Each structure stands twice: as C-alpha cells, then as structure tokens.
Number of protein chains: 2
Amino acid sequence: MASRKSRPERRQEPLSRERIVAAAVELLDTVGEGGLTFRALAERLATGPGAIYWHVTGKNELLAAAIDAVIAPTLAGDDTGTTPQEAIRSLALGVFDAIDAHPWVGTTLAQLPRTPGKSPMLRVFERIGRQVQALRVPEAAQFTAASALLSYILGVAGQNAANTRAAQANADRANTDRAAFLDAVATAWRELDPDQYRFTRDVAGQLREHDDRAEFVAGIDLILAGITAGRADGRTRP
Amino acid sequence: MASRKSRPERRQEPLSRERIVAAAVELLDTVGEGGLTFRALAERLATGPGAIYWHVTGKNELLAAAIDAVIAPTLAGDDTGTTPQEAIRSLALGVFDAIDAHPWVGTTLAQLPRTPGKSPMLRVFERIGRQVQALRVPEAAQFTAASALLSYILGVAGQNAANTRAAQANADRANTDRAAFLDAVATAWRELDPDQYRFTRDVAGQLREHDDRAEFVAGIDLILAGITAGRADGRTRP
DNA sequence: TGCCGACTGGAACGTTGTTCCAGCAGTCCC
DNA sequence: GGGACTGCTGGAACAACGTTCCAGTCGGCA
C-alpha cells in the first residue's frame, strides 16, 4: 500500500522541532515546570534523550521555544479601529491570559538567559510601544512608558504564576480548589500581628473576593492614566 | 588558655543557621544563582553537605532565608515626616537597589513555592499598603493600588535581574562591561526588521543612554499619578 | 566515669542535563 | 548494484545536583 514514492513516515512521524516543542508544552501544562525532563519528553515521543538534541541545542532553547509557542498566538490580533488604550488593554490581557493558562511561562521567563534582543517578549514590547506612540507620548518618554507597562505585565504574570502554583500545590495536598486557597491565605492574613501587619489585615477581605483579571486591568489603567496625565513631560512629581 | 568555662569554638566557630545563610548569600553574590550548591556551600563552611541539613530543611528554605537577609535591611527605614509618595518611592528604590545588588533575588523569587502569607515580600506589601492608605485611596481600591505597585516593582526587578545576568554572561564571554552590553543590544535593536520592529528601532537610542534607576522611579511615578488621579473611584476609563 | 543528646561530615542514592557513539535508513556516485 | 556518505536515531554513560543515611564525635550532666 502506498509504495509509490515514499512511505510518508518512518516509524510514526519523524521527529521534528515542532513536534518536540509541542510535546514540551503539553508536558509543562500537565506536569508543571518541574515535569519537563528530557527523559519524560523522550518517552512521550517514543525515542531517546539523545535524539532530541539533534533538533534542539539544549533545555534553554527548548523552554524559550515553548514560551514563544504559547505567547505568539496572542499577538495575532488586529489593533486597527480601536483606541490605543483599548489596544494596550487587550494586548496585556492576551499575555495575561496566556500566562494564566500556562503558569510555567511566568516562572520560566525570569531565569532564561536572554540573548540580546531575542527575548520572546520583544514582540510584546514592540506592540505596546506602537500604541504608546499612538497615545502621542513625547518621544523622550516613550521608552519609559512602554517599559513600565511591560514590567508591570511581567510582574503580575510572575506573581500570578507563583500563586497559581501555590494554589495547585495546596490543592494537591489538601484536596481543595482555588477559592479555598484564597480563603486560606485571607484567613492567614487576618491572623497576622495587628501591629506589624495592619494594612494586610485590613485588605484580607478584598483578597478573598478579588478577581485577578479585573485587578490586572485596573493596574494597567492606573499606568495608562499616569501616562496620559503626565503627557507634557512624561513624568509627574507632586 | 581560656579554659575557664568553655572554649568559645569547637573547630573554628560552630555551624549555625546565620552562618549558613550568610555564606549562601556570599556564594550567590559571587557565583550567581547556579553557583549555590550544597557541596560548594559545605566546602566554604569547611564541612559536609549533611551537616547543613541539620540547620536548614532544604534548598528552598535556604533561598528564602537568603532573600530575606537581603531584603529585610531595606525595610528598616522610617517613613514619618515624608509624603506618602516619597515614602513609596524610597521604599521601592530600596527594594530595587537590593535586587540590583543581588540579581539572584529577582530570578529566585518567582520560583519559590510560597507558603501562604509567608512570602518575604509580604512585609514590602504591608509597607506599601500603609502609604497607599495615607494617600487617602478609597478602601475598595487600596488592594488594587498596593498590588499594582508591588507587581511593578517585582516586574522591573525581574527584568533587571535578567538583564544584569545577561550582561555578566556577555562580559564573561566578550570581556566587556555593562555599557558595552547595552550598546550591543541597542545595535542589535537598530538592525531589526524596520517593518516588524519600527518602535523598538526608534527607541534603541534611548536604551543606550537610559538609566535603570531613573526609569524605575519614573514608572513608580506613573502609577502614583494614576492612583491619585483616579482617587474618586480607584480606576480610570477614557 | 559513663552516658546521652546535639551536632558533624563523608558516603551513597536517585534524578537531572548533556555527551557519545554504534547503528539505521535513505541517496548519491562510481 | 555496491559501497561510501549524510541525516538522523536512541540507548548507554558521565558529571553534578539535592537529599538521605548513619557511623561517628563532642560537651555537659548524672
């Protein structure tokens, strides 16, 4: 059967960079950042660890490719016909949702040795920057504004990733869900020393009922407000 | 000599949690996050790996303690007699400087399994929150404002840590310093595809001459401006 | 003096990223 | 058609890691 020119596959389908990266993302999603092992990956691909190194130079490149595979689709959107503010919001939310769905991105991003200018986040920076320009921010302040937005996005993403993982670890241990985890943290906050942690105790209730996503957009709006308010010279001093 | 009650030390000075943590910080500072090894640590303390486990439950606790040892001193400052804005700025700068001096903090923070409410950053959150209250932000928006500030701080810290490490890696490889590294990145940015990276190319020059610290404070000021501008309801929509 | 618990440090275990290399399937050239 | 050559495979092996284990040593107390 089908011997005409070439059997389409050698065993199942040939190993390829894309197949490897896809399997890595799957593994990261199901088992977490600690579960991505060259051996586990090899087993899932029905091969040995050595074969993977023919397509990928090492674990760092693999992680970077996995992040790219997860972030890139969120940048496909179209910005035309919206205000810059809306474009930035939806861009930020795209990254937020991607990292929320794949928490390992948040944790992994920080410790990847970034080759100059090839970070997976450069494209996000570019997209943000264009909208900052569209906001008519003076040239000298554009870099600051775009950097602040990106830093905030990555900061929240990192925090969220850590929280998600903590919640999952807690869930595995205590058989509870995310809401129960938030509840546990809120309760722990309420029991802190009233002198040392007055504020934290005050907002413990807000933690219990807060919505990460809405909170995140609110932060974006804070920065956007700051950017547009200080448009004259790019920064504000009281 | 000095046999009266107790020879003050058994061999040199007895192993202790503080001595271990101090040695860990030293090791992290000199060799980087990858250099902290129980074996290297044991060698530096003139003992074996097993002895360390008597004082410390594992690597995670050791890292958390190291972070705490580096961050805690920055929280010693006194806020009385300054405006809330200034207090927040100096607090944020303290954390920024600490992480800048010890880049491993930025990278390590993200991947520490955080036991609910015992993160080393909780105290920072508390200090920020008090100043947010002093800013007379309405109660419902206090959590958002403090979270946004902390996320931004951690985001910049993480970015900065990654950059510092990239610069150091580059320096080790090419025998250059940080300025040369920024120059290299700026040059790389300038050579990007003009269609795809219009904005990044535009701001490449600003990258070369930018000051991380000033940039960071400018971002803080952006958020502060947003907070005080939207004080009525805590958020702004155009 | 003899014992006991606090503490030490070296050996050993299991797992990781990475390297090495003998072998396979095709393709090209003679 | 048959050998060399290339692109690719996958299992074995290596060094290094975090962690555990345990035979010891020490100081203070009975």
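Throughout, protein chains are lettered first and strands after them, A, B, ... in sequence-line order, and every chain is numbered starting at 1. The structure presented is a predicted model; accordingly, all values stated were derived computationally and were not measured.
Ring to ring, A:Tyr152 and B:Tyr152 are not that close: their centroids are 6.0 angstrom or more apart. The ring of A:Phe125 has its center closer than 6.0 angstrom to the ring center of B:Trp189.
Between A:Ile220 and the choices A:Leu149, A:Val156, A:Leu93, the side chain to side chain contact (heavy atoms under 4.5 Å, CB included) rule is met once, by A:Leu149.
Listed nucleotides D:dT9, C:dT16, D:dC17 differ in distance to B:Arg39; the shortest reach to its side chain belongs to D:dC17. With D:dT9, C:dT18, C:dT16 as the choices, the nucleotide that has an atom nearest any side-chain atom of A:Leu15 turns out to be D:dT9. The side chain of A:Phe38 lies closest to C:dG17, out of C:dG17, D:dT19, C:dT8. Here D:dT20 is the nucleotide among D:dT20, C:dT18, D:dC17 with the atom lying nearest to any side-chain atom of B:Tyr53.
Rounded to an integer number of Å, the gap from B:Arg19 CZ to C:dG9 C1' is 14 Å. Computed from coordinates, the A:Glu43 CD to D:dG10 C1' distance equals 14 Å when rounded to whole Å.
In terms of phosphate contacts, B:His55 brings a side-chain nitrogen or oxygen within less than 4.0 Å of OP1 or OP2 of C:dT8. Residue B:Thr47 places no side-chain N or O under 4.0 Å from the OP1 or OP2 atom of C:dT8. An OP1 or OP2 oxygen of D:dT9 is reached within less than 4.0 angstrom by no side-chain nitrogen or oxygen of A:Trp54.
Judged by closest nucleotide on DNA chain D, B:Lys59 is the one of B:Lys59 and B:Gly50 placed further toward the 5' end. Both A:Gly58 and B:Ser16 lie close to DNA chain C; mapped to their nearest nucleotides by heavy-atom distance, the more 5′-ward contact belongs to B:Ser16.
Within 6.0 Å of CD in A:Glu43 there are 12 or fewer heavy atoms belonging to other residues, nucleotides or ligands.
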